[in-house]
Amino acid sequence: MKKNITKLKDCYGCGVCTAICPVKIIDLKENEKGFYSPVIVDENKCIECGLCLKICGFNHKELALDNADPKCYAGYSDDPIVRQKCSSGGVGFEIGRQLLGKGYKACGVRYNIGKERAEHFIADNIRDFGLSIGSKYIQSYTQEAFLSINRKEKYLITGTPCQIDSFRRLIQHYKAEDNFILMDFFCHGVPSMLLWRDYLHSVESKIGKSKYVAWRNKRNGWHDSWNISIDSVEDESFDEIKAYDIEFEETSHRYQSRWKGGDWFYKFFLGNYCLNKCCYKSCKYKMMDSSADIRIGDLWGKEFEKDELGTNGVVTFTEKGKDLIKEMTSCSFQSITEKSVGAAQMSKCPTMPIIYNGVIKALVKETPLEEIYKRWVIPYRIMRIPQRAVNMICYKLNKKPLFH
């Protein structure tokens with residue numbers, strides 16, 4: 001076995017290795033379980049430089065950023081349209097808008113309708129950057145965007161914590177950190193793309209081919225914004241471009257489903273039934289552990305339970321991140337504690353359910369989600385009832401839970 005990423009199993013799938021390979025023989029492909037994974041397309045051309053292993057966050061126990069100094073804030077955009085359009089407080093969008101105005105390019109994530117996937121892309125103007133608005137709860141494809149980055153230019157790079165950790169190692173290797181500002185977010189984990197396509201195709205069988213997808217909106221308030229909206233090509237009044245414009249007022253959607261109403265995608269995603277294996281075993285980026293300059297997320301918790309407009313939890317880890325927040329004139333910020341910013345965020349990796357392999361195999365066969373839920377999830381949840389009861393007793397006695 002050569003000295004390259006073929007040594008690794010079940011990695012994050014961040015795709016940064018595709019950008020550093022000097023002979024360009026690494027591609028990012030979706031594997032049989034529905035997760036992106038690096039593939040050596042011609043191992044005979046590998047020169048065993050080891051760079052792919054050097055910058056791989058999965059291949060290191062420690063973080064790329066070893067001198068983090070977290071400072072925590074509550075923040076939101078002062079523009080009511082931005083705050084309403086964005087999933088939480090709009091701080092991420094405003095950071096991008098500010099840096100674009102200073103000559104940076106912004107690497108964010110948009111949803112590609114034709115390829116039915118989330119993907120990183122490069123924006124050099126605010127109109128294009130608007131495509132990144134809104135949370136997308138699926139793994140993003142990074143290869144094309146990361147390969148197009150010019151290290152001599154200035155960029156804002158946004159991604160999951162594992163993507164950012166590996167990207168930090170990349171720019172450290174090239175001694176190019178001064179040209180980049182890195183932003184990640186509090187991450188729940190990424191579900192199999194098989195789940196997303198099973199869900200999407202089920203919806204499309206009822207409404208026709210989709211041309212717009214949104215995972216969150218605040219029609220019912222920020223605390224009830226876990227919903228999915230999908231428009232079909234049959235809706236002639238819908239404008240795909242304007243849908244992403246921050247000044248566009250949404251119209252009625254052909255399909256609207258809410259987590260509280262039993263949405264199938266959220267049942268599987270938030271139930272942790274089909275996440276990437278490394279999300280259960282190898283995520284080292286919870287709470288204040290990050291290689292980013294800035295981390296953002298929803299600021300859930302009792303302090304903000306009456307807020308229905310949306311507020312971001314913001315954490316700065318570097319002087320670059322702190323200076324950027326100080327310069328932001330388009331947002332309002334207040335200092336808060338680490339406990340407040342981490343309220344209701346995942347403090348540790350979820351436990352892989354014993355039904356994991358069964359769920360994945362059923363998704364491979366494109367079994368309807370309702371059938372998978374009845375066959376695998378309901379029996380599992382019934383089995384867990386006594387365990388949850390024991391854990392609740394442990395919690396009341398201030399003891400560690402016996403079951404995970």
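Not measured: the values here are computed from a predicted model.
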Check your understanding: Less than 6.0 Å separating the ring centroids of Tyr141 and His120?
Key -> no
Study note, to complete from the structure: Residues at least two apart in sequence or cross-chain that pass ring pair (Phe, Tyr, Trp, His ring centres under 6.0 Å) with Phe180, listed by chain then number, are Tyr155, Phe167
Practice item. Check step by step if side-chain hydrogen bond (donor to acceptor under 3.5 Å, both in side chains) holds for Gln256 and Arg219. Key: CA-CA 11 Å; Gln256 178 79 33; Arg219 289 178 179 169; 3.2 Å; yes
Point to revise | Positive for side chain to side chain donor-acceptor pair (under 3.5 Å) with Thr318, one of Asn67, Asp323, Asp293 | key: Asp293
Exercise for review: Compare every heavy atom of Leu131 with every heavy atom of Phe121, then report the nearest pair and how far apart it is.
Suggested key: CZ-CB, 3.9 Å
Check your understanding: Which distance, rounded to the nearest 0.5 Å, do you find between the CG of Leu28 and the CG of Leu147?
Key -> 10.0 Å
Review point. Can you name the closest pair of heavy atoms from Thr311 and Ala74 and give their distance?
Key: CG2-CB, 4.1 Å
Point to revise | Distance, nearest 0.5 Å, that separates CG of Leu369 from CG of Leu363 | key: 6.5 Å
Study note, to complete from the structure: Here the gap from Tyr73 atom OH to Ile325 atom CD1, rounded to the nearest 0.5 Å, amounts to 7.0 Å
Review point. Taking the six-membered ring where the residue is Trp, are the ring centres of Trp300 and Trp222 under 6.0 Å apart?
Key: yes
Review point. Between Lys284 (side chain) and Gly57 (backbone), is there a donor-acceptor pair under 3.5 Å?
Key: yes
Check your understanding: Judged by atom type as modelled, is there a donor-acceptor pair below 3.5 Å linking the side chain of Lys286 to the main-chain atoms of Cys187?
Key -> yes
Review point. Taking side chain as C-beta onward, heavy atoms only, is Ile294 less than 4.5 Å from Phe317?
Key: no
Exercise for review: Before accepting this row, confirm whether a basic side-chain N of the pair Arg169/Glu177 lies closer than 4.0 Å to the acidic partner's carboxylate O.
Suggested key: no
**Study point:** Smallest separation among heavy atoms of Ser148 and Ala145, with atom names
**Key:** OG-O, 2.7 Å
Exercise for review: Would you sort out whether Glu153 and Asn179 count as a side-chain hydrogen bond (donor to acceptor under 3.5 Å, both in side chains), showing the intermediate values?
Suggested key: CA-CA 6 Å; Glu153 297 179 324; Asn179 285 342; over 6 Å; no
Review point. Is the backbone of Gly89 close enough, under 3.5 Å, to the side chain of Asn312 for a donor and an acceptor to pair up by distance?
Key: yes
Review point. Do Ser132 and Arg110 have side-chain atoms, one donor and one acceptor, less than 3.5 Å apart?
Key: no
Check your understanding: Are the side chains of Glu308 and Lys218 in touch, meaning some heavy atoms are under 4.5 Å apart?
Key -> no
Practice item. For residues Trp259 and Trp264, establish whether the separation of their ring centroids is below 6.0 Å. Key: no
Review point. Which heavy atom in Val16 sits nearest to a heavy atom in Ser166, and how many Å separate them?
Key: CG2-CB, 3.6 Å
Practice item. May I ask you to say whether Asp184 pairs ionically with Arg295, meaning some side-chain N is under 4.0 Å from a carboxylate O? Key: yes
**Study point:** side-chain hydrogen bond (donor to acceptor under 3.5 Å, both in side chains) pairs, two or more places apart, involving residues 355-379
**Key:** none
Review point. Looking at CZ of Phe304 and CG of Leu299, how far apart are the two atoms once the value is rounded to the nearest 0.5 Å?
Key: 4.5 Å
Review point. Within a strict 4.5 Å, meaning less than it, do heavy atoms of the Pro191 and Phe268 side chains meet?
Key: no
Review point. Under 3.5 Å, side chain of Tyr212 to main-chain N/O of Ser232, donor-acceptor pair present?
Key: no
Check your understanding: Hey, is the main chain of Ala64 close enough, under 3.5 Å, to the side chain of Arg168 for a donor-acceptor pair?
Key -> no
Practice item. In plain terms, say whether Lys136 and Glu119 are close enough for a salt bridge, that is, a side-chain N and a carboxylate O under 4.0 Å apart. Key: no
Practice item. Could you tell me whether the side chains of Asn31 and Ser37 share a donor-acceptor contact shorter than 3.5 Å? Key: no
Practice item. Kindly give the heavy-atom pair with the smallest separation between Cys72 and Val341, and that separation in Å. Key: SG-CG1, 3.7 Å
**Study point:** pair Met352-Lys281: side-chain heavy atoms closer than 4.5 Å
**Key:** yes
Practice item. Give a yes or no answer on whether the side chain of Tyr280 reaches the backbone of Leu275 with a donor-acceptor pair at less than 3.5 Å. Key: yes
Point to revise | Stepwise salt bridge (Lys or Arg N to Asp or Glu O under 4.0 Å) test for Glu319 and Lys326 | key: CA-CA 11 Å; Glu319 289 304 314; Lys326 290 177 183 177; 5.7 Å; no
Review point. Below 6.0 angstrom between ring centroids: does that apply to His188 and Tyr137?
Key: no
Review point. Closest heavy-atom contact between Ser77 and Glu94?
Key: OG-OE2, 2.6 Å
Check your understanding: Are the side chains of Leu156 and Lys105 in touch, meaning some heavy atoms are under 4.5 Å apart?
Key -> no
**Study point:** Carboxylate-amine/guanidinium proximity below 4.0 Å for Lys322 and Asp69
**Key:** yes
Practice item. Evaluate the criterion side-chain hydrogen bond (donor to acceptor under 3.5 Å, both in side chains) for residue pair Ser340 and Thr337; output intermediate values, then yes/no. Key: CA-CA 5 Å; Ser340 293; Thr337 64; 3.0 Å; yes
Check your understanding: Is there a side-chain contact between Val39 and Ile26 (heavy atoms, below 4.5 Å)?
Key -> no
**Study point:** Carboxylate-amine/guanidinium proximity below 4.0 Å for Lys102 and Glu327
**Key:** yes
Study note, to complete from the structure: Given the options Trp226, Tyr111, Tyr199, Trp215 meets ring-ring contact (aromatic ring centres under 6.0 Å, His included) only with Tyr111
Exercise for review: Measure the spacing between SG of Cys107 and CD1 of Ile149 and express it to the nearest 0.5 Å.
Suggested key: 4.5 Å
Review point. Does Tyr285 have its ring centroid less than 6.0 Å away from the ring centroid of Tyr12?
Key: yes
Point to revise | Ionic contact status for Asp79 with Arg83, cut-off 4.0 Å | key: no
Check your understanding: Distance only, no hydrogens: is a donor on one side chain within 3.5 Å (strictly under) of an acceptor on the other, for Thr18 and Asp27?
Key -> no
Point to revise | Inter-residue atom distance Cys331.SG - Gln98.CD, 0.5 Å rounding | key: 8.5 Å
Point to revise | Exam field: side chain Glu204 to backbone Ser210, donor-acceptor pair closer than 3.5 Å | key: yes
Check your understanding: With under 30° as parallel and over 60° as perpendicular, where do the rings of Phe93 and Phe129 fit, or are they tilted in between?
Key -> parallel
Review point. So do Leu324 and Ile181 actually touch side chain to side chain, heavy atoms under 4.5 Å?
Key: yes
Check your understanding: Would you say Asp263's side chain and Tyr266's backbone share a donor-acceptor pair under 3.5 angstrom?
Key -> yes
Review point. Between the side chain of Gln139 and the main-chain N/O of Tyr36, is any donor-acceptor distance below 3.5 Å?
Key: yes
Exercise for review: Please lay out, stage by stage, how Gln163 and Thr158 fare under the test side-chain hydrogen bond (donor to acceptor under 3.5 Å, both in side chains).
Suggested key: CA-CA 9 Å; Gln163 291 169 341; Thr158 303; over 6 Å; no
Exercise for review: Check whether any side-chain N or O of Lys33 sits under 3.5 Å from a backbone N or O of Met193 as a donor-acceptor pair, and report yes or no.
Suggested key: no
Check your understanding: Do the non-hydrogen side-chain atoms of Cys17 and Pro38 ever get within less than 4.5 Å of each other?
Key -> yes
